[in-house]
S.K.: 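Take this structure, written in structure tokens, and hold onto it; I'll ask about it next.
By convention here, the first residue in the shown sequence is residue 1.
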Amino acid sequence: MTTSTAGTGSTPRIALVTGSSSGIGLAVARSMSREGAQVVLTARSRDRLAAAAAGLPGTSSVLPADVSEPGAGKRLVDATLAEHGRLDVLVANAGIYLQGNVWENDLKQITQLIGTNVTGVLSVVHAALPVMIAQGGGDIVVMSSVSGHQAIPWEPVYSASKHALQSFVHGVRQQLIGTGVRIMSVAPGVVLNDLWAVTDEDHVAAGVAAGTGMRSEDVADAVSFMLSRPRHVTVRDLVLLPTNQQI
């Protein structure tokens with residue numbers, strides 16, 4: 001899959017990827033770096049970010065941050081601008097997971113999830129949009145979930161957070177008409193990575209072979225496809241499922 005990474009002329013695109021120290025975010029960062037983008041990685045752990053950046057084939061930098069903290073989105077965008085002078089792609093991927101009966105969930109965990117999955121995404125998008133609009137273009141990809149397209153009973157809080165993102169993307173897309181800025185949502189099903197506490201490669205390979213799970217790289221390929229569409233095309237929603245996932 002080849003993704004256009006040109007910013008202006010032959011200038012590499014500048015991409016900010018949140019939650020990029022592992023899982024889908026890291027796979028997206030690797031994919032974009034491989035295609036020539038200059039990637040800014042951000043997540044909470046400086047050490048994990050440094051290790052992730054060291055494994056990228058191209059130029060990258062790291063910005064440790066917790067997107068759920070007030071003002072984090074603006075700080076990330078401002079730091080990216082200070083280093084690179086522009087922002088061409090934002091992949092709002094940072095998120096956490098919570099399952100179980102809602103009355104048995106700890107309220108602190110619920111608040112943390114909403115702060116990361118919803119407020120954290122909105123804050124970084126809010127900061128990026130004026131920059132991209134002033135540039136006359138840019139791309140935002142929001143990491144949703146199949147759980148945002150239907151209510152899933154074993155993860156109602158997580159599902160609610162992803163439904164919120166779906167509504168946000170659909171409304172903002174219409175507001176951006178005529179600006180040259182695209183906002184899109186990719187909604188994976190089961191991805192066998194650390195979000196699901198899957199770290200053993202044999203487990204991942206077995207799930208992929210059975211068609212019951214995907215790799216983070218499968219989602220990165222989908223993001224690459226979305227970003228590679230010509231400017232007159234927006235992939236508003238892309239739902240990506242393992243072939244044998246029942247939901």
Side-chain angles (χ1 to χ4, degrees), residues 1-20 24-25 27-42 67 73-74 76-78 80-81 84-95 117-146 148-149 162-188 218-240:
M1 177 77 63
T2 299
T3 302
S4 172
T5 54
T8 304
S10 59
T11 305
R13 270 182 151 179
I14 306 302
L16 173 63
V17 184
T18 69
S20 49
I24 292 172
V28 169
R30 283 176 178 155
S31 175
M32 297 201 70
S33 179
R34 194 163 48 242
E35 296 293 343
Q38 294 185 14
V39 183
V40 180
L41 298 92
T42 181
V67 296
K74 187 174 190 307
L76 287 170
V77 171
D78 286 350
T80 302
L81 293 176
H84 297 286
R86 68 180 193 280
L87 174 60
D88 301 306
V89 179
L90 166 65
V91 181
N93 165 75
N117 293 14
V118 181
T119 308
V121 171
L122 269 60
S123 70
V124 72
V125 172
H126 179 267
L129 282 176
V131 174
M132 291 182 173
I133 292 170
Q135 292 172 170
D139 287 323
I140 296 173
V141 178
V142 172
M143 193 60 58
S144 181
S145 167
V146 66
H149 288 261
K162 297 303 184 177
H163 273 74
L165 293 185
Q166 289 301 126
S167 179
F168 177 70
V169 169
H170 294 178
V172 173
R173 185 197 67 81
Q174 294 176 72
Q175 292 183 337
L176 290 173
I177 290 172
T179 66
V181 180
R182 302 186 297 189
I183 187 167
M184 302 168 272
S185 166
V186 58
D218 295 322
V219 184
D221 285 346
V223 172
S224 178
F225 170 80
M226 296 165 79
L227 293 173
S228 69
R229 297 308 84 202
R231 299 306 301 178
H232 70 284
V233 174
T234 297
V235 182
R236 190 194 70 174
D237 295 294
L238 193 159
V239 179
L240 190 69

S.K.: Calculate, to the nearest 0.5 Å, the distance between atoms CD1 and CD belonging to Ile133 and Gln175 respectively.
M.R.: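 Taking CD1 in Ile133 and CD in Gln175, the distance rounds to 9.0 Å.
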S.K.: For residues Leu87 and Leu81, report the shortest heavy-atom separation together with the two atoms involved.
M.R.: N-CD2, 4.0 Å
S.K.: What are the two closest heavy atoms between Leu165 and Met143, and how far apart are they?
M.R.: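 Scanning both residues completely, I find the closest heavy atoms to be CD1-O, 3.7 Å.
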S.K.: Show the nearest heavy-atom pair for residues Ala94 and Thr18, with the distance to one decimal.
M.R.: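 What the structure gives for the nearest pair is N-OG1, 3.0 Å.
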S.K.: First locate atom NE2 of His126, then atom CG of Leu129, and finally report the distance between them rounded to the nearest 0.5 Å.
M.R.: 8.5 Å
S.K.: So, Ser185 side chain and Asp237 main chain: donor-acceptor pair closer than 3.5 Å or not?
M.R.: no
S.K.: Are Leu76 and Val67 side-chain neighbours, meaning at least one heavy-atom pair lies under 4.5 Å?
M.R.: yes
S.K.: Ignoring hydrogens and geometry, is there a side-chain-to-backbone donor-acceptor pair from Ser33 to Ala29 under 3.5 Å?
M.R.: no
S.K.: Holding to side chain to side chain donor-acceptor pair (under 3.5 Å), I want the full list of residues that pass it with Asn93, two or more places apart in sequence or in another chain.
M.R.: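 Per chain and number, Asn93 pairs via side chain to side chain donor-acceptor pair (under 3.5 Å) with no residue.
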S.K.: So, does Ser167 use its side chain to make a donor-acceptor pair with the main chain of Ala164 at under 3.5 Å?
M.R.: no
S.K.: Within the 4.5 Å heavy-atom criterion, are Ile140 and Arg173 side-chain neighbours or not?
M.R.: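 No, their side chains stay 4.5 Å or more apart.
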S.K.: So, Lys74 side chain and Ser123 main chain: donor-acceptor pair closer than 3.5 Å or not?
M.R.: no
S.K.: What do you reckon, is NE2 of His170 surrounded by more than 12 foreign heavy atoms closer than 6.0 Å?
M.R.: yes
S.K.: Rounded to the nearest 0.5 Å, what's the gap from CG on Leu16 to CE on Met32? Could you check?
M.R.: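 So the CG of Leu16 and the CE of Met32 are separated by 10.5 Å.
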S.K.: In the structure I gave you, are the side-chain heavy atoms of Met184 and Leu227 within less than 4.5 Å of one another anywhere?
M.R.: yes
S.K.: Is there a side-chain contact between Leu238 and Leu240 (heavy atoms, below 4.5 Å)?
M.R.: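 Leu238 reaches Leu240 side chain to side chain.
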S.K.: Let me confirm one number: the CD-CZ distance from Gln174 to Arg236, rounded to the nearest 0.5 Å.
M.R.: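 The CZ atom of Arg236 is 8.0 Å from CD of Gln174, to the nearest 0.5 Å.
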S.K.: What pair of heavy atoms forms the shortest contact from Asp88 to Arg86, and how long is it?
M.R.: OD2-NE, 2.9 Å
S.K.: Apply side chain to side chain contact (heavy atoms under 4.5 Å, CB included) to residues Val89 and Val39 and explain how you reach the verdict.
M.R.: CA-CA 9 Å; Val89 179; Val39 183; over 6 Å; no
S.K.: Indicate the atoms forming the closest heavy-atom contact of Arg182 with Pro230, along with that distance.
M.R.: NH1-O, 3.1 Å
S.K.: Which atoms form the tightest heavy-atom contact between Thr80 and Ile14, and what is the distance?
M.R.: CG2-CG2, 3.9 Å
S.K.: Counting C-beta onward and ignoring hydrogens, is there a side-chain heavy-atom pair between Val142 and Val121 closer than 4.5 Å?
M.R.: yes
S.K.: Quick one: OG on Ser31 to CD1 on Ile24, what's the gap to the nearest 0.5 Å?
M.R.: 13.0 Å
